[in-house]
Structures are given as C-alpha cells and as structure tokens.
Amino acid sequence: MEKLTVAQARQVESVGKQVQLRGWVRTRRDSKGGFSFLELNDGSSFGNIQVIAEAVLPNYESEIKHLTAGCSISVTGEVRQSPAKGQATELQAKEIAVIGRADAETYPLQKKQHSFEFLRTIAHLRPRTNTFGAVTRVRNSVSRSIHDFFQEQGFLYINTPIITSSDCEGAGQMFRVTTLDPANPPRKEGAVDYEQDFFAKPTYLTVSGQLEGEVFASALGKIYTFGPTFRAENSNTTRHLAEFWMVEPEMAFFDLNDNMDLAEAFLKRIFTDVLSRCPEDMQFFKERIDATVIETLENIIKSQFVRLPYTEAVDILQKSGQKFEFPVAWGNDLQAEHERYLAEQKFKCPVILHDYPATLKPFYMRLNDDGKTVRAMDVLVPRVGEIIGGSQREERLDILEQRMRLQKLEPASYWWYLDLRRYGTVPHAGFGLGLERTVQFITGMTNIRDVIAFPRTPGSAEF
RNA sequence: UCCCCGAUAGCUCAAUGGUAGAGCGAGCGGCUGUUAACCGCUAGGUUCUAGGUUCGAGUCCUAGUCGGGGAGCCA
C-alpha cells in the first residue's frame, strides 16, 4: 500500500492509485445519501483532501459518524477524480482507522474562524489551523530561499555563538546568561563576583552575529549566519520579539552599493520563490488576510528599489506638505510616520535609505569623506517598515578607534575586532534581515507573534 | 516604558443602573454528492479579580491582573 501525503493525493496524477493517507480531520459533513465527507489535512499542503466514507464501512456508525475536528485517522482507499466541484480528486475510503480522538466538547479548535489573540493562547494547537499552516509553509520557503540564494552565490554558512561576552554589541539590552544563584550570588566588595560565574565573566545572549561574521568574512570572503537573536528590550509592538531569527551576510571587498545590490537581489529571490512554491498559501493570505499581498510581491520583483540618501529623504519629507507629528530635521532619526510616508505613499515600493548621520548609527559603520555621515542602509518596506539594516563597515583602524571612543566604548575590549583592521584589513559590508518581519511582509500578517511558532515577548514565554 | 482601548457561554460579540441574549461551535434528530453544507430541538454563565457606591451593578467608582492597538527602541 503506497503511503501518500495529502498534497500528493490531491494531484490528478494520483487518480486510480490504492493509497494510505494519515492526518487530522478538519471537518465532517454527513450527506443526505447516508454517507459522510471527511476533510483530511496532514500539513503537506494548504488544501485538504475530501474522503468519502460510505455507510457500509464496519465502523461507520460507531466511529466515523463521531469524527470531529482534530481527530487523527488513517485512511486506505482509492484516489478518484471528484465528480463535484471544489477539488480535483477525492479518496474513496475502503478502511478508516481512528488513531486518536479529540473530544469536541473540550477541543479548543472549532470549525470556524478564531481570533489570532485566542490562537496565541493555544500555541500548541494553532499549527493545525489554515492560517498557521500557511504561515509555517511560507516561513519554510523563506528559510530555504535564504540558503539557496547564498549557497548558489558561493557564501559559506557559518554559526556564530549564541552566548557572548561582548556586553555592548550596540544593539540594545541583552539577556544575561549565568549559573549563579540569583538569591545568593557570590560577592566581591559588594558587587556580584562574576569571576565565579560559569564563564568567569559576565555573559549574555547574542544580539547579533555581525562582529563574529566579520571575522570569517575577513578570511573566507563571503559568509552568512542564520540563527536566533535575542533582545531584552521592553518592546510591545506588532513588529518586535525578544527572540527572533536573523540572517546576516558579511562580504569582504563589498562596498555599500554592492551591499544594496545584494540585499535587493536577495529579497527578490525570496519573494519569487514563495510565489512559485506556495501559491495556494499565498492565495489564502490574499483572500483572508490582505488582498494586496500577491500583487505587492509581483510588483516588487519587477521594479527597482528606490535608493535614497538620508539627506535627500529629509528634503523630500520637508517639502512633502504632509503634517507629521514629529518634525523632520537633518540629524534627527526618522520616525515611523516618516518612513511609512516614503515607502507607502511617496514611492509605494521598497526604499533603501542610506548614508545616515554618523551620530545616529553605531561605531562600526564606515565614515564618509564628509565626516558627517556613515555608509549605513535601511531597507524599508510598506506596512512593516525596516526589514533590513546594514552598512559598509569601517575598515580603517584609526577612524574605527576614534568612533568607538566617541560612543564611549573601550577599544581594548574589542581587541580581536580591531585586529581585523590591524592585519590585512579590507573594505567589507553586510546586513541583517529579520526573518519574522520578512514573513510578515509576505503574508500580510499584522502581528509578528503570529508568524513565529512560540513567540517570546515581555511577560510572555509560555510553551 | 508611555498613551489609548478592552475583558460577558467553548469561540466572536450584544444587553438605558432593573429577569444575562444572539451567531457560530457542541449533543440529538432530519435531510438524494456535500464543500463556511442546510433545517429543527437541547445543553451550556463565579459577566477577569478584590474592594466600594446603590433598594438594586454585566453596566458607575478605586486598585490590580491579563489582552489588544499606537509610540519609542530595532530586525
């Protein structure tokens, strides 16, 4: 007996095959003719397969008539062309074995739409919903494209440490990692004595693999990391997580323009792949979540991203005639409302803002000849905002040290990072792409907590 | 962290300070291949928690908890 996935059984090529399918019942419809339709899903595709269960099956009255959403079953039978509209094929059951029941009185998922807020409270069951199944397949497609894209271009996939001792990577609050007893830590002159901690120094969860990525780019040329990242910021928004996944390519001998070219090609590849690999899922997002998602991706793939120096952006915003809550002035960070105006109203496509004032950006970004701006870039997309942040890195030792002191950082504690500039320094660049924000943008899902399996946010780490 | 909003049946919501309801879901029954199936009946409530005002509180007040949206931080 050939075991097929639901996705395979839904293909017309499977008609005539005797097969076994295993999965979870989505719904049961009893027909007037004294038999039942079961909608079976196993996650292999968005759509279910319709199983025809005739009353002659020995367990029809005892078991099949009591199947409800959530029950797991194994069905053997013949794949047939469906006589009715709605599906190409269906499975004529010869035998249905109930593997696991799901008491309809207590099973939280019903044959109806649930709010995303409610589904978050049952994160262990929400992968069984249409939406979360579709999100999961899209997320997988994105991850696969990330590897495919970089591998095909000769990048090496490297794994940078999750636990770090750099206490100031520059990207905000960090989670401390310790084995000390919080109720009674060892002390030395009043302060906690971290020399007695596991690593004999304070350690944290990484906020970025960039600095380590630069180490490998400075030896192997083109590399990328792809892993979890942690920020202990008390951020309560639809775009922030305390634990999220980030892709960080780093390339030797790349300047900012090369970096922008790469980021643009990278995003276009991800979008192209998802449209071709997940058409059914994307159609669902279009119909139920955001009518514009497919069109938006198609337009982006065709068009060129707008590349706009910060200084020009300020000019455009000041002359826009728009009323902004926060005033626009050179040297100020652009607010969400400004970025949104540029991406959603002015250009209606991804915008790469670059060459920001040095005072707004971290020490490692390369200083321009004007002495006022750095070779930074942010890729902004409509609705989600910043999806990529990156820069050309400062490869000149003296300027890098100057910039560190200016930002009150101690060069000595970055001795290994500075060694890259002392020995065989080269111009290089890189960026970070937020995986969840990318999935958000593709799917139209409004809350980032609904595009990751088990979201970690302030006050919430259930499951 | 700041601002705003909310919490009532399993879910989504309604209820002028005066007997807590509907739709969906579930159970049972009906129905010539259904597909958000349809029709009928039934069951289902500590109105988030603790105080307070009132003859009387789901409704008003105070505090708290949790959730949502926006802002900041950023991916």
Side-chain angles (χ1 to χ4, degrees), chain A residues 26-40 47-54 65-66 68-70 80 82-87 90 92 102-122 130 169-173 207-210 226-248 263 287-288 325-326 333-337 339-340 360-362 378-381 384-390 431-441 446-452 457-460 462:
Chain A
R26 283 293 175 80
T27 172
R28 188 193 83 239
R29 292 183 295 272
D30 298 328
S31 140
K32 304 171 212 174
F35 59 97
S36 298
F37 299 97
L38 302 173
E39 292 283 341
L40 187 68
N48 312 315
I49 191 160
Q50 176 165 279
V51 177
I52 313 301
E54 306 266 13
K65 285 269 278 188
H66 298 98
T68 50
R80 293 187 179 171
S82 182
K85 284 186 179 174
Q87 59 280 319
E90 61 188 27
Q92 182 72 33
D103 181 7
E105 292 282 354
T106 55
Y107 186 62
L109 286 174
Q110 302 170 356
K111 194 169 62 180
K112 59 171 289 195
Q113 281 191 16
H114 288 288
S115 67
F116 293 127
E117 290 89 338
F118 171 67
L119 292 176
R120 268 171 233 150
T121 68
I122 50 167
N130 282 337
E169 289 182 21
Q173 289 292 111
V207 293
S208 164
Q210 181 198 318
F226 183 17
T229 307
F230 307 88
R231 304 274 166 91
E233 298 288 351
N234 192 6
S235 296
N236 295 287
T237 78
T238 54
R239 306 178 301 284
H240 288 87
L241 292 166
E243 176 183 294
F244 63 99
W245 284 66
M246 186 155 68
V247 187
E248 295 181 284
E287 284 169 12
R288 294 297 177 90
E325 191 185 341
F326 297 94
D333 236 335
L334 295 181
Q335 304 290 316
E337 57 175 343
E339 297 183 347
R340 211 174 294 130
L360 299 178
K361 294 294 184 180
D378 284 356
V379 180
L380 311 176
V381 294
V384 175
E386 186 180 342
I387 199 171
I388 281 179
F431 61 81
L433 170 84
L435 178 67
E436 286 75 17
R437 286 189 183 175
T438 306
V439 176
Q440 252 190 300
F441 176 67
T446 53
N447 196 313
I448 199 166
R449 291 160 213 175
D450 300 324
V451 297
I452 188 168
T457 52
S460 175
E462 189 69 55

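Below, read A as the first sequence line, B as the second, and so on, with proteins coming before strands; counting in each chain starts at 1.
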How is [X] classified with respect to the nucleic acid when contacts are heavy atoms under 4.0 Å: base, sugar-phosphate, or nothing?
X: A:A104; result: sugar-phosphate
X: A:E90; result: base
X: A:Y107; result: nothing
X: A:L433; result: nothing
X: A:L435; result: nothing
X: A:P108; result: nothing

B:rG33 OP1/OP2 closer than 4.0 Å to side-chain N/O of A:S31: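 Answer is yes, contact under 4.0 Å.
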From B:rG23, B:rG33, B:rA75, nucleotide with atom closest to A:M246 side chain: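 Minimum distance to the A:M246 side chain belongs to B:rA75.
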Distance, rounded to the nearest Å, where [X] contributes [atom1] and [N] contributes [atom2]:
X: A:Q87; N: B:rU34; atom1: CD; atom2: P; result: 11 Å
X: A:K111; N: B:rU34; atom1: NZ; atom2: P; result: 15 Å
X: A:K65; N: B:rC28; atom1: NZ; atom2: C1'; result: 11 Å
X: A:E105; N: B:rC11; atom1: CD; atom2: P; result: 13 Å
X: A:F37; N: B:rG33; atom1: CZ; atom2: C1'; result: 4 Å
X: A:N48; N: B:rA37; atom1: CG; atom2: C1'; result: 15 Å
X: A:F118; N: B:rC24; atom1: CZ; atom2: C1'; result: 13 Å
X: A:E39; N: B:rG33; atom1: CD; atom2: P; result: 16 Å

For [N] versus [M], give the span between their [atom1] atoms, rounded off to a whole number of Å.
N: B:rG21; M: B:rG30; atom1: C1'; answer: 27 Å
N: B:rC61; M: B:rA7; atom1: P; answer: 13 Å
N: B:rA20; M: B:rC48; atom1: P; answer: 15 Å
N: B:rU35; M: B:rU19; atom1: P; answer: 41 Å
N: B:rG27; M: B:rA37; atom1: P; answer: 14 Å
N: B:rG68; M: B:rC60; atom1: P; answer: 23 Å
N: B:rU49; M: B:rU59; atom1: P; answer: 11 Å
N: B:rA14; M: B:rA75; atom1: C1'; answer: 41 Å

Side-chain donor/acceptor contact of A:Q113 with base of B:rU12 under 3.5 Å: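 Side chain to base: no pair present.
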Under-3.5 Å donor-acceptor pair between A:R29 side chain and B:rC38 base: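 Check fails, no donor-acceptor contact within cut-off.
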Face-to-face stacking of A:F35 with B:rG33, centres under 5.5 angstrom, angle under 30°: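 Ring-base stacking flag not set for A:F35 and B:rG33.
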For [X], give me all partners under ring-ring contact (aromatic ring centres under 6.0 Å, His included), at least two apart in sequence or on another chain.
X: A:H66; value: none
X: A:F326; value: none
X: A:F230; value: none

A:E436/A:H240 under side chain to side chain contact (heavy atoms under 4.5 Å, CB included): CA gap, chis, key distance, verdict: CA-CA 9 Å; A:E436 286 75 17; A:H240 288 87; over 6 Å; no
Straight-line distance of A:S460 OG to A:R120 CZ, nearest 0.5 Å: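 The CZ atom of A:R120 is 9.5 Å from OG of A:S460, to the nearest 0.5 Å.
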Spacing of CD1 belonging to A:I452 relative to CG belonging to A:L435, to within rounding of 0.5 Å: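 So the CD1 of A:I452 and the CG of A:L435 are separated by 8.0 Å.
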Flag side-chain contact, heavy atom, 4.5 Å: A:N236 against A:T457: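 Answer no - side chains too far apart.
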Minimum side-chain heavy-atom gap A:T229-A:W245 below 4.5 Å: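 They are not in contact (no side-chain heavy atoms under 4.5 Å apart), so the answer is no.
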A:D378 or A:E54, whichever maps to the more 5' nucleotide of RNA chain B: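 That would be A:E54.
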A:E39/A:R29 salt bridge by N-O under 4.0 Å criterion: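 Here A:R29 pairs with A:E39 in a salt bridge, since their nearest N and O are under 4.0 Å apart.
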Heavy atoms of other groups near A:Q113 CD, more than 12 under 6.0 Å: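 At most 12 heavy atoms, drawn from other residues, nucleotides or ligands, come within 6.0 Å of this atom.
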Can a donor-acceptor pair be found, under 3.5 Å and without considering hydrogens, that links the side chain of [X] to the backbone of [Y]?
X: A:Q87; Y: A:Q50; answer: no
X: A:T68; Y: A:A102; answer: yes
X: A:R239; Y: A:R437; answer: no

Where RNA chain B forms stems, i.e. three or more consecutive Watson-Crick or G-U pairs with both distances under 3.5 Å: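 Ordered by first number, the stems with RNA chain B (at least 3 consecutive pairs each) read B:1-7 with B:65-71, B:10-13 with B:21-24, B:26-30 with B:38-42, B:48-52 with B:60-64.
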Per-nucleotide protein contact string for nucleotides 65-72 of chain B, where B marks a base within reach and S marks sugar-phosphate only (heavy atoms under 4.0 Å, - for neither): ---SSBBB
Per-nucleotide protein contact string for nucleotides 42-49 of chain B, where B marks a base within reach and S marks sugar-phosphate only (heavy atoms under 4.0 Å, - for neither): --------
Step-by-step side-chain hydrogen bond (donor to acceptor under 3.5 Å, both in side chains) determination, A:T238 to A:N447: CA-CA 4 Å; A:T238 54; A:N447 196 313; 5.9 Å; no
